[in-house]
Asker: 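Encoded as structure tokens, here's the structure I'll be asking about.
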Amino acid sequence: MFQGRITDVFFDLDHTLWDFDKNSELAFDKIFREKYPSINTSSFVKIYAPINQACWKLYQVDLLTHEELRYKRLKDSFDVLNYSISDEEIHQMSEDYITYLPENNMLFDGATEILDYLSEKYKLHIITNGFSDVQYKKIHNSGLSDYFSTITNSEMAGVKKPHPKIYEHALSISKASKSTSIMIGDCIDADVKGALDFGIEAVYFNPEKKEVTLAVPTIHQLIELKKIL
């Protein structure tokens, strides 16, 4: 579909290459086994995952700060569980979680295979809204470092996806052009519409097969990129 005119491929990291949900559950499981054995990890994560996503959406549009995000997603989850926990414990759990999270390295099925394939044909890059130190650890620990020429995160760009300046920053450091670049990500607003509004092509990674109202190339497995690129 895009073969022949694309030179640079930009990926989102969390929920696209790096399996945030699986790695998050592993981090919480370690915390709960060590300090809160009465909490069932699977039950907690079912509540936490949508709350975390909602908090990230607020963070993306600057309605939550970095610190508020880390606190609110835990506080709201424990409130739903009706589990009594102090603010001090929440802050400590937040620190432990950020420490343990990048120690895990579960990737989406086909991630390494598709990166091996694409890296022989294109320059690969990452654009992520995640926190700089955590994202670099995720990329390194999961063996992704060697695939990517540049990594742009929201801290270095000073804005978050879908703000056009983060895409502008990514293209600047990669020396890529709009007409020969494409963005691949799981968030229809931040990754897909953000890229399209900026003027570069986009592919929607939609493993959960959510309803798509935007006319955009969509894949359910990463390996399907072979048909597109």
Side-chain angles (χ1 to χ4, degrees), residues 9-32 34-35 45 48-49 51-77 87-108 111-112 115 123-163 165-174 183-187 190-191 194:
V9 180
F10 294 82
F11 278 93
D12 176 47
L13 181 63
D14 293 332
H15 303 285
T16 299
L17 295 171
W18 198 81
D19 195 328
F20 183 93
D21 290 338
K22 288 182 179 178
N23 293 320
S24 180
E25 185 162 354
L26 290 170
F28 278 123
D29 194 55
K30 183 173 182 178
I31 292 169
F32 295 157
E34 289 178 352
K35 297 180 179 178
V45 168
Y48 172 83
I51 289 174
N52 181 51
Q53 286 283 352
C55 287
W56 270 97
K57 286 183 179 179
L58 294 174
Y59 175 72
Q60 284 171 215
V61 293
D62 296 321
L63 293 177
L64 282 182
T65 67
H66 178 164
E67 293 75 18
E68 288 168 341
L69 165 67
R70 289 184 172 181
Y71 172 80
K72 180 175 172 59
R73 63 188 180 183
L74 289 173
K75 171 65 173 168
D76 288 359
S77 298
D87 282 354
E88 184 179 357
E89 288 176 297
I90 288 176
H91 287 302
Q92 183 59 55
M93 185 180 294
S94 178
E95 292 299 318
D96 292 341
Y97 175 74
I98 293 301
T99 298
Y100 296 154
L101 183 63
E103 292 178 356
N104 304 304
N105 55 19
M106 301 289 289
L107 301 175
F108 275 93
T112 301
L115 291 174
K123 287 177 64 179
L124 306 183
H125 315 273
I126 283 178
I127 308 177
T128 173
N129 279 353
F131 309 124
S132 179
D133 56 339
V134 180
Q135 299 305 76
Y136 277 111
K137 288 176 184 175
K138 290 176 184 176
I139 292 164
H140 175 76
N141 293 344
S142 58
L144 295 177
S145 301
D146 291 343
Y147 290 107
F148 296 100
S149 300
T150 67
I151 298 168
T152 294
N153 62 65
S154 53
E155 289 185 70
M156 68 169 63
V159 292
K160 310 172 194 74
K161 293 178 292 184
H163 198 290
K165 284 190 176 179
I166 194 168
Y167 290 100
E168 187 177 305
H169 179 92
L171 261 63
S172 175
I173 65 171
S174 65
M183 177 72 193
I184 299 156
D186 72 291
C187 182
D191 299 318

Asker: Could you check whether any side-chain N or O of D12 sits under 3.5 Å from a backbone N or O of G185, counting only pairs where one atom can act as donor and the other as acceptor?
Answerer: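 Side chain of D12 to backbone of G185, a donor-acceptor pair under 3.5 Å: no, none is there.
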Asker: Supply the atom-to-atom distance M183 CE to I127 CD1, rounded to the nearest 0.5 angstrom.
Answerer: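 Here the rounded value is 5.0 Å.
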Asker: Tell me if the CD atom of E34 is crowded by more than 12 foreign heavy atoms within 6.0 Å.
Answerer: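 Count over threshold, so yes.
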Asker: Counting only heavy atoms not in D146, do more than 12 fall under 6.0 Å of its CG?
Answerer: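 12 or below, so no.
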Asker: Hey, can you tell me if F28 and Y97 have their rings parallel, tilted or perpendicular (30° and 60° cut-offs)?
Answerer: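 F28 and Y97: parallel rings.
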Asker: If we only count heavy atoms from C-beta on, is the I139 to Y147 side-chain gap below 4.5 Å?
Answerer: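 I139 does not reach Y147 side chain to side chain.
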Asker: Counting N and O atoms only, with roles assigned by atom type, does the side chain of S172 sit under 3.5 Å from a partner on the main chain of E168, one being a donor and the other an acceptor?
Answerer: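 Not confirmed, S172 side chain does not pair with E168 backbone.
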Asker: Taking S149's backbone N and O only, do any of them form a donor-acceptor pair with K123's side chain (distance below 3.5 Å, no angle check)?
Answerer: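 Checked: no pair found.
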Asker: Can you tell me how far CG of L13 sits from CG of D186, rounded to the nearest 0.5 angstrom?
Answerer: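 With rounding to 0.5 Å, CG (D186) is 10.0 Å from CG (L13).
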Asker: Of the non-hydrogen atoms in W56 and R73, which two are nearest, and what is the gap between them?
Answerer: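 Heavy atoms only, the tightest pair is NE1-NH1, 3.5 Å.
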Asker: Side chain to side chain contact (heavy atoms under 4.5 Å, CB included) for K138 and V134? Distances and angles first, verdict last.
Answerer: CA-CA 6 Å; K138 290 176 184 176; V134 180; 3.6 Å; yes
Asker: Can you measure from OG (S94) to CG (L69) and round to the nearest 0.5 angstrom?
Answerer: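 Spacing of OG (S94) from CG (L69) equals 8.5 Å.
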Asker: Going from NZ on K137 to OG on S132, what distance comes out if it is rounded to the nearest 0.5 angstrom?
Answerer: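 If I round to the nearest 0.5 Å, the distance is 10.5 Å.
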Asker: Going through the checks in order, is the side chain to side chain contact (heavy atoms under 4.5 Å, CB included) test met by E68 and Y59?
Answerer: CA-CA 9 Å; E68 288 168 341; Y59 175 72; over 6 Å; no
Asker: Tell me whether N52 contacts the main-chain N or O of Y48 through its side chain, where contact means a donor paired with an acceptor under 3.5 Å.
Answerer: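 Here the side-chain-to-backbone pair does not exist.
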Asker: Can you give me the closest heavy-atom contact between I184 and T16, atom names plus distance?
Answerer: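 Shortest heavy-atom separation between I184 and T16 comes out as O-CG2, 4.0 Å.
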Asker: Just so I know, are the side chains of E155 and Q135 near enough to count as touching, which here means a heavy-atom distance under 4.5 Å?
Answerer: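 Side-chain contact under 4.5 Å: no.
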Asker: Test K160 against every option in N129, N153, D62 by the side-chain hydrogen bond (donor to acceptor under 3.5 Å, both in side chains) rule and name the one that passes.
Answerer: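 One option only clears the test, and that one is D62.
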Asker: Search all heavy atoms of P102 against all heavy atoms of W18 and return the closest pair with its distance.
Answerer: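 Scanning both residues completely, I find the closest heavy atoms to be CA-CZ2, 4.3 Å.
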Asker: If I compare all heavy atoms of N105 with all of N23, which pair ends up nearest, and what's the gap?
Answerer: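 Scanning both residues, the minimum pair turns out to be N-OD1, 3.5 Å.
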Asker: Under the criterion side chain to side chain contact (heavy atoms under 4.5 Å, CB included), I'd like the reasoning laid out for H15 against Q53: C-alpha separation, chi angles, the key distance, then a yes or no.
Answerer: CA-CA 11 Å; H15 303 285; Q53 286 283 352; 3.1 Å; yes
Asker: Any side-chain heavy-atom pair from H169 and I173 closer than 4.5 angstrom?
Answerer: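 H169 reaches I173 side chain to side chain.
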Asker: Restricting to non-hydrogen atoms, name the atom on F108 and the atom on D19 that form the minimum distance, rounded to 0.1 Å.
Answerer: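 Nearest heavy atoms, F108 then D19: CE1-CA, 3.7 Å.
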Asker: Output, in order, the C-alpha distance, side-chain angles, deciding distance and verdict of side chain to side chain contact (heavy atoms under 4.5 Å, CB included) for F148 and F11.
Answerer: CA-CA 9 Å; F148 296 100; F11 278 93; 4.0 Å; yes
Asker: Heavy atoms, side chains only, cut-off 4.5 Å: are T152 and H125 in contact?
Answerer: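 Side chain of T152 against side chain of H125, heavy atoms only: no contact under 4.5 Å found.
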Asker: From L144 CG over to T112 OG1, what is the distance, rounded to the nearest 0.5 angstrom?
Answerer: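 Interatomic distance, L144 CG to T112 OG1, rounded to 0.5 Å: 6.5 Å.
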Asker: I'd like to know if E103 and K30 make a salt bridge, using a cut-off of under 4.0 Å between side-chain N and carboxylate O.
Answerer: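 Yes.
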Asker: Could you measure the distance from the CD1 atom of I31 to the CG atom of D96? Nearest 0.5 Å is fine.
Answerer: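 Output value for this atom pair is 5.0 Å.
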Asker: Is any side-chain heavy atom of V45 closer than 4.5 Å to a side-chain heavy atom of D21?
Answerer: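 No, every pair of side-chain atoms sits at 4.5 Å or beyond.
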Asker: Measure across A111 and L107 and return the closest heavy-atom pair with its distance rounded to 0.1 Å.
Answerer: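 What the structure gives for the nearest pair is CB-CB, 4.0 Å.
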Asker: Tell me whether H140 at atom NE2 has more than 12 heavy atoms from other residues, nucleotides or ligands lying less than 6.0 Å away.
Answerer: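 Count not over threshold, so no.
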Asker: When you compare the side chain of L74 with that of H91, does any pair of heavy atoms fall below 4.5 Å?
Answerer: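 Not touching, per the 4.5 Å side-chain cut-off.
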